[in-house]
Amino acid sequence: MTKLIRFGVSMEEGLLSKFDRLLKAEGYASRSEAIRDLVRRTIVEEEWVTGETVSGSIMLVYNHHHRELLEKIMDIQHDFHEVIISTQHVHMDHDNCLEIIVVKGMAEVIKNVYNHLTALKGVKYTSLSRATTGKKI
């Protein structure tokens, strides 16, 4: 286990009150754990900006009846096979599917995959969940 270091944080009273309400709503036991999470999120965001090896997931919601859409999605996934770890396909209803694509690789390549999938006609929604490989935090 790594050594814990204590330090002080100064903050305006109103901002601290809002922070404490947020911590309570999210179930944090302490301010320290919430601040650690904020620091970790900032480090992950920096990994994505500096172009390091990162991980995450891409979610798509699409109409599977849309002509040739499944084929186009598969073509993109095969074009970027080096960053795609896994996929999960979920039938939401008769017309709509949810695809979850787990990715790991260079941030710019993953963003490129995301952009290609987002631009497909028939895709109703996309999101990119940015994560870390865990090596930096």
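Predicted, not measured: the structure shown is a model, and the values here were computed from it.
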(message) Closer than 3.5 angstrom, by distance alone: can the side chain of H89 be matched with the main-chain N or O of I100 as a donor-acceptor pair?
(response) no
(request) Determine, step by step, whether V103 and I58 satisfy the side-chain contact (heavy atoms from CB on, under 4.5 Å) criterion, reporting the C-alpha distance in whole Å, the side-chain angles of both residues, the deciding distance to 0.1 Å, and the verdict. (result) CA-CA 8 Å; V103 291; I58 300 169; 4.2 Å; yes
(request) Spell out, as yes or no, whether a donor-acceptor pair under 3.5 Å connects the side chain of W48 to the backbone of T132. (result) no
(request) Indicate yes or no: at least one non-hydrogen side-chain atom of V44 is less than 4.5 angstrom from one of I137. (result) yes
(request) Answer yes or no: are there more than 12 heavy-atom neighbours, outside K104 itself, under 6.0 Å from its atom NZ? (result) no
(message) As an exercise, state the distance from CD of E45 to CZ of R130, rounded to the nearest 0.5 Å.
(response) 4.0 Å
(message) Could you report the tightest heavy-atom contact between A107 and G51, atom names first, then the distance?
(response) CB-CA, 4.2 Å
(request) May I ask whether M59 and V109 are part of the same hydrophobic cluster, defined by side-chain heavy atoms of I, L, V, M, F, W, Y residues being less than 4.5 angstrom apart, directly or through others? (result) no
(request) Could you state whether L120 and I101 fall into the same hydrophobic cluster, counting links through intermediate Ile, Leu, Val, Met, Phe, Trp or Tyr residues with side-chain heavy atoms under 4.5 angstrom apart? (result) yes
(message) Please determine whether side-chain contact (heavy atoms from CB on, under 4.5 Å) holds for the pair M92 and V90, giving the CA-CA distance in whole Å, both sets of side-chain angles, and the decisive distance to 0.1 Å.
(response) CA-CA 6 Å; M92 302 300 288; V90 179; 3.9 Å; yes
(request) In sequence, state the C-alpha distance, the side-chain angles, and the governing distance for L69 and K121, and then conclude on side-chain contact (heavy atoms from CB on, under 4.5 Å). (result) CA-CA 7 Å; L69 180 58; K121 189 171 183 176; over 6 Å; no
(request) Please tell me if the side chains of E99 and Q88 come closer than 4.5 Å, counting only heavy atoms from C-beta onward. (result) no
(message) Less than 4.5 Å apart, side chain to side chain, heavy atoms only: is that true for H65 and H94?
(response) yes
(request) Kindly write out the residues that satisfy side chain to side chain contact (heavy atoms under 4.5 Å, CB included) with L15, not counting sequence neighbours, or none if the list is empty. (result) M11, E12
(request) Answer whether the closest heavy-atom distance between the side chains of D37 and R40 falls below 4.5 Å. (result) yes
(request) Let me see the working for I35 and F19 under side-chain contact (heavy atoms from CB on, under 4.5 Å), right down to the final yes or no. (result) CA-CA 10 Å; I35 291 170; F19 187 58; 4.0 Å; yes
(request) Evaluate the side-chain proximity of K24 to R21: yes if any heavy-atom separation is below 4.5 Å, no if none is. (result) no
(message) When you group the ILVMFWY residues by side-chain heavy-atom contacts below 4.5 Å and let the links chain together, are L38 and V9 in the same group?
(response) yes
(message) So Y62 and N96, do their side chains get closer than 4.5 Å, heavy atoms only?
(response) no
(message) For H64, is the NE2 atom crowded, meaning more than 12 foreign heavy atoms sit under 6.0 Å from it?
(response) yes
(message) Please find the pair of heavy atoms, one from L23 and one from A34, that lie closest to each other, and give the distance.
(response) CD2-CB, 2.9 Å
(request) Would you name the heavy atoms of H91 and C97 that are closest together and state the gap between them? (result) ND1-SG, 3.9 Å
(message) For the backbone of K111 and the side chain of N115, can you confirm whether one donor and one acceptor N or O come within less than 3.5 Å of each other?
(response) yes
(message) Quick check on the hydrophobic clustering: are L98 and I84 connected, directly or via other members, by side-chain heavy-atom contacts under 4.5 Å?
(response) no
(message) Check for me, please, whether V61 and I73 land in the same ILVMFWY cluster - side-chain distances under 4.5 Å, paths through other members count.
(response) no
(message) For the CG atom of N63 and the NZ atom of K124, what is their distance to the nearest 0.5 Å?
(response) 5.0 Å
(request) State, to 0.1 Å, how close T126 and L60 come at their nearest heavy-atom pair, and which atoms those are. (result) CG2-CD2, 3.4 Å
(request) Starting at CD1 of I110, measure out to OG of S57 and round the result to the nearest 0.5 Å. (result) 10.0 Å
(request) Enter the distance from Y114:OH to I76:CD1 here, rounded to the nearest 0.5 Å. (result) 13.0 Å
(request) Can you see which heavy atom on R36 is nearest to which on E33, and at what distance? (result) NH2-OE1, 2.8 Å
(request) For residues L117 and V123, report the shortest heavy-atom separation together with the two atoms involved. (result) O-CG2, 3.6 Å
(request) Kindly compute the distance separating OG (S10) from CG (L16), expressed to the nearest 0.5 Å. (result) 10.5 Å
(request) Step through the shown structure and confirm whether more than 12 heavy atoms of other residues, nucleotides or ligands are within 6.0 Å of CD on E82. (result) yes
(request) Output the distance between atom CG (D20) and atom OH (Y28), rounded to the nearest 0.5 Å. (result) 13.0 Å
